[in-house]
Every structure is written in C-alpha cells, then in structure tokens.
Amino acid sequence: MSPAQLYVAQRLSAAVLAPLVLIHLGLIVYAIQDGLSAAEILSRTRGNLTWAVFYSIFVIAAAIHGAIGLRAIVSESLAWSRAWLNTAMYGAAVFLSALGMRAVAAVVL
Amino acid sequence: MKQGDKLAVRIWKGGADGGYTEFEAPLRANQTVLDVVTWIQRNRDPGLAYRFACRVGMCGSCAMTVNGKPRWTCRTHVSKVTQDSRLTIGPLRNLPIVKDLVCDMTVFFDKWQNARGRFQGRATRYDDIERIAPDTPARKAADAGIECINCAVCYAACDVVAWKPDYLGPAALNRAWTLQNDIRDTAQAERLAAVAGDAGCHSCHSQQGCTAHCPKSLNPTAAIAGLKRSVFQAVLRGEV
Ligand code: SF4
Ligand code: SF4
Ligand code: FES
C-alpha cells in the first residue's frame with residue numbers, strides 16, 4: 001500500500017473503532033456493575049454471532065490502526081528502509097489480528 | 001533594561017563542532033537582534049559570518065536561533081526576547097551549519113522543488129493576463145499562505161524535520177497548498193502525488209510549532225491539513 005492509502009486506512013479504521021470502543025467500554029462497566037461472573041459472561045457470548053462479528057471487526061480495525069501507527073513511530077525514531085517498515089507493519093498487523101482473534105474465539109466458540 | 005546598559009551576547013562561532021563566544025554590546029533603544037549582530041561584526045569580530053539583505057522582513061535571509069527560538073532577526077526587537085540583557089544567538093536548527101550563523105539552505109530549497117513548489121501555468125506571453133476572482137474559497141486559501149518569505153523559521157521549529165530528515169517540512173508543503181488552490185496551475189495531480197509520499201504531508205503531527213513561530217503569521221499546519229484532505233479524497237477516487 002502507498003503511504004497515502006495507509007493514511008486513509010488509518011483514518012477509516014479510527015472511524016470504525018471510535019463507536020466500537022465506546023460500546024466496549026459501556027459493556028465492561030455494565031458487566032462489572034452487574035457483577036457478572038466469568039461463567040455468566042461466557043454463557044452470553046458463546047455461540048453468539050453478533051458478538052463474534054462485533055469483536056472480530058474490533059480486532060481487525062485495531063490491528064490495522066495500530067500497525068500503521070507503529071510504522072509511523074518507527075519511521076520517525078529509527079532509520080529503517082521503506083521495505084523494512086512495511087514488512088514490520090504487515091507483521092504487526094498479522095500478529096495483533098492473531099492475538100485478537102484468538103481472544104474472540106475463546107469467548108464466542 | 002535601560003539605555004547605557006550592556007548586553008551580554010553569546011554567539012555561535014564555527015561549524016557544527018563550534019561553540020558559543022561571549023561578547024558585550026551596547027544596549028540601545030529599538031535595537032533589533034540583527035543590529036546587535038551587525039554591531040559585533042563591525043566592532044568586535046570582523047570574521048563573524050551571518051546573512052541579511054533587506055532588513056525590513058521581506059527577503060527571509062536573516063533567520064537565526066535567538067534565545068532558543070527561531071526568529072527573523074531584522075524584525076525582532078531585543079526588548080521582545082530578553083528581560084535581563086542576555087542574548088544567545090545561534091544558527092537555525094535542522095540545517096547544516098556553513099559557518100557561525102550561516103546555514104546551508106540547499107536542502108530547504110531542494111524540498112520546495114521535491115514538493116513541486118513551483119508554479120506551472122498554461123498561458124503564454126501572448127495570452128492576456130488571467131482575471132482571478134479574489135473571493136472564491138480556493139483563492140482565499142491560496143492567499144492565506146502566499147506571503148511566505150522562505151525564511152526557514154518554520155522548518156527550524158519543526159520537530160518532525162529533526163526526527164525524519166526526509167520530511168518536506170512546513171514551508172514547502174505550505175507552498176504546495178497555495179499552488180493546489182491556484183486555478184491557473186496545471187500540475188496539481190503531480191504535486192499531490194509528490195506530497196503524498198512518506199516524506200510528505202502525512203508525516204505532520206499538526207502540533208503547530210511552525211505556525212507558532214512563522215514571523216509572517218502564516219499557518220502551514222492548516223495548509224498541510226488541506227493537503228491531507230485532498231490526498232484523502234484522491235485516494236478514495238483511486239487517483240493516488
Ligand atoms: S504542524 Fe507539522 S509541519 Fe508544523 S511544526 Fe508541527 S509537524 Fe512540523
Ligand atoms: S511559512 Fe513562515 S516561517 Fe515558514 S518559511 Fe514561510 S514565512 Fe518563514
Ligand atoms: S534581512 Fe530580510 S527578512 Fe530580515
């Protein structure tokens with residue numbers, strides 16, 4: 001992807017993340033206020049397609065947004081070549097997606 | 001500070017590995033920092049190298065670092081920058097030092113070219129002068145940034161230039177934005193591609209060091225934000 005496309009991807013992923021983060025935070029507050037146990041939470045998320053889709057989008061958007069942001073930070077701090085920057089960025093995106101999707105799988109499967 | 005007092009002035013001498021030398025200079029009413037440097041060169045250190053031309057804030061050649069901040073020295077009164085009669089004057093940041101207060105501006109001007117900061121028109125000398133309506137949004141955006149005097153004060157103030165030496169910097173991008181809004185210009189697609197790279201507008205953090213220091217009160221940050229918007233739209237249209 002070109003730097004301009006990366007910029008667009010980062011802005012769009014931020015736009016996707018903004019409402020998802022708010023819902024996620026609301027959910028945490030709700031679960032804690034209600035004193036839901038881990039078992040109760042899992043009983044609501046297991047097999048629930050809505051939450052599976054919600055958190056999958058969350059993970060992908062966060063991985064895209066975070067990886068592009070990391071690329072920007074590294075490009076300012078270290079004199080890496082563009083090829084290395086991009087390789088590290090794709091690596092970070094895949095790594096973050098894998099970790100996130102593993103967590104999603106753990107609560108919805 | 002009053003007339004008859006002395007100024008304690010530290011001036012950078014030498015190249016990148018040089019250091020500050022102390023001088024004493026008379027304090028005078030309405031004195032500019034450039035006046036002080038000139039007095040020292042004429043009366044204390046004839047070998048002192050510095051640049052100036054117009055002395056009225058038009059040519060952009062006299063910028064230096066004064067008490068830690070980049071400034072145009074011909075229009076900076078001593079009374080504005082020091083309360084205790086002390087001045088520390090060095091070359092601009094982010095540019096190689098040639099000698100003393102003189103920087104090598106080559107990179108700065110090369111970046112103007114890399115950002116396609118030059119006008120490219122379609123009219124010839126045989127065409128009439130084009131009439132430009134002054135009140136369209138595009139012309140207003142161009143006019144907002146047109147008074148740049150190429151002083152490199154913004155360039156010296158920008159931390160991203162310091163971290164990322166390839167970054168085109170606020171002055172070149174500001175110039176590019178004025179041309180993107182010039183309806184007579186014919187190189188807008190090429191210019192947008194030139195500023196959309198890794199060294200271009202997306203590297204800007206928008207924290208406005210350039211805008212805070214620009215002696216002409218221009219707003220390169222806003223110009224760069226305009227370029228980002230244009231690139232965004234061009235990407236969505238599949239043009240960049
Ligand atoms: S706003 Fe952008 S161009 Fe201006 S000083 Fe900050 S990073 Fe540099
Ligand atoms: S934008 Fe302002 S600070 Fe930067 S070169 Fe032009 S006049 Fe100087
Ligand atoms: S000497 Fe020309 S701007 Fe200062």
Side-chain angles (χ1 to χ4, degrees), chain A residues 1-25 53-54 56-97 100, chain B residues 93-94 107 111 114-116 155 157-170 172-173 176-177 180 187-210 221 223-240:
Chain A
M1 279 171 96
S2 72
Q5 288 167 334
L6 290 178
Y7 175 76
V8 170
Q10 201 185 24
R11 294 299 140 132
L12 293 181
S13 58
V16 170
L17 275 175
L20 301 193
V21 167
L22 290 178
I23 296 171
H24 177 62
L25 289 177
V53 171
F54 176 92
S56 298
I57 295 174
F58 196 129
V59 163
I60 301 301
I64 293 172
H65 192 77
I68 300 173
L70 286 172
R71 179 187 186 275
I73 294 171
V74 173
S75 82
E76 279 166 14
S77 323
L78 308 168
W80 284 17
S81 71
R82 185 153 169 219
W84 270 114
L85 282 175
N86 287 348
T87 309
M89 175 190 71
Y90 287 119
V94 170
F95 181 65
L96 291 172
S97 306
Chain B
R93 190 171 76 127
N94 292 344
V107 190
K111 287 181 178 178
N114 297 342
R116 284 198 77 113
Y155 190 82
C158 178
D159 284 338
V160 176
V161 174
W163 298 328
K164 199 170 172 175
D166 287 346
Y167 175 45
L168 294 170
L173 292 171
W177 179 238
Q180 289 306 91
Q188 297 184 337
E190 294 90 327
R191 193 174 299 106
L192 207 58
V195 301
D198 258 335
C201 57
H202 301 120
S203 294
C204 170
H205 286 212
S206 311
Q207 89 276 37
Q208 307 188 31
C210 51
T221 316
I224 296 167
L227 288 174
K228 288 180 182 172
R229 276 197 305 279
S230 296
V231 173
F232 194 103
Q233 288 155 5
V235 170
L236 295 187
R237 287 196 302 266
E239 292 169 4
V240 172

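Everything numeric in this text was worked out from a predicted model, so none of it was measured. Below, read A as the first sequence line, B as the second, and so on, with proteins coming before strands; counting in each chain starts at 1.
Of all non-hydrogen atoms in B/Val231 and A/Ala4, the two that sit nearest each other are CG1-CB, 3.5 Å. Heavy-atom minimum distance, B/Ala196 versus A/Pro3: O-CB, 3.6 Å.
Inter-residue side-chain proximity for B/Val235 and A/Met1 is flagged as unmet; no heavy-atom pair is nearer than 4.5 Å.
When the heavy atoms of residues 6-15 of chain A are compared with those of chain B, the residues falling under 4.5 Å are A/Tyr7, A/Val8, A/Arg11, A/Leu12, listed by number. Interface residues of residues 76-97 of chain A toward chain B, defined by a heavy-atom distance below 4.5 Å and sorted by number: A/Glu76, A/Arg82.
For the salt bridge (charged side-chain N to carboxylate O under 4.0 Å, His left out) test, residues two or more places apart in sequence or in another chain that qualify with B/Asp159 are B/Arg93. Residues that satisfy the side chain to side chain contact (heavy atoms under 4.5 Å, CB included) test with B/Gln180, not counting sequence neighbours, are B/Trp177, B/Gln188, B/Arg191, B/Leu192, B/Leu227.
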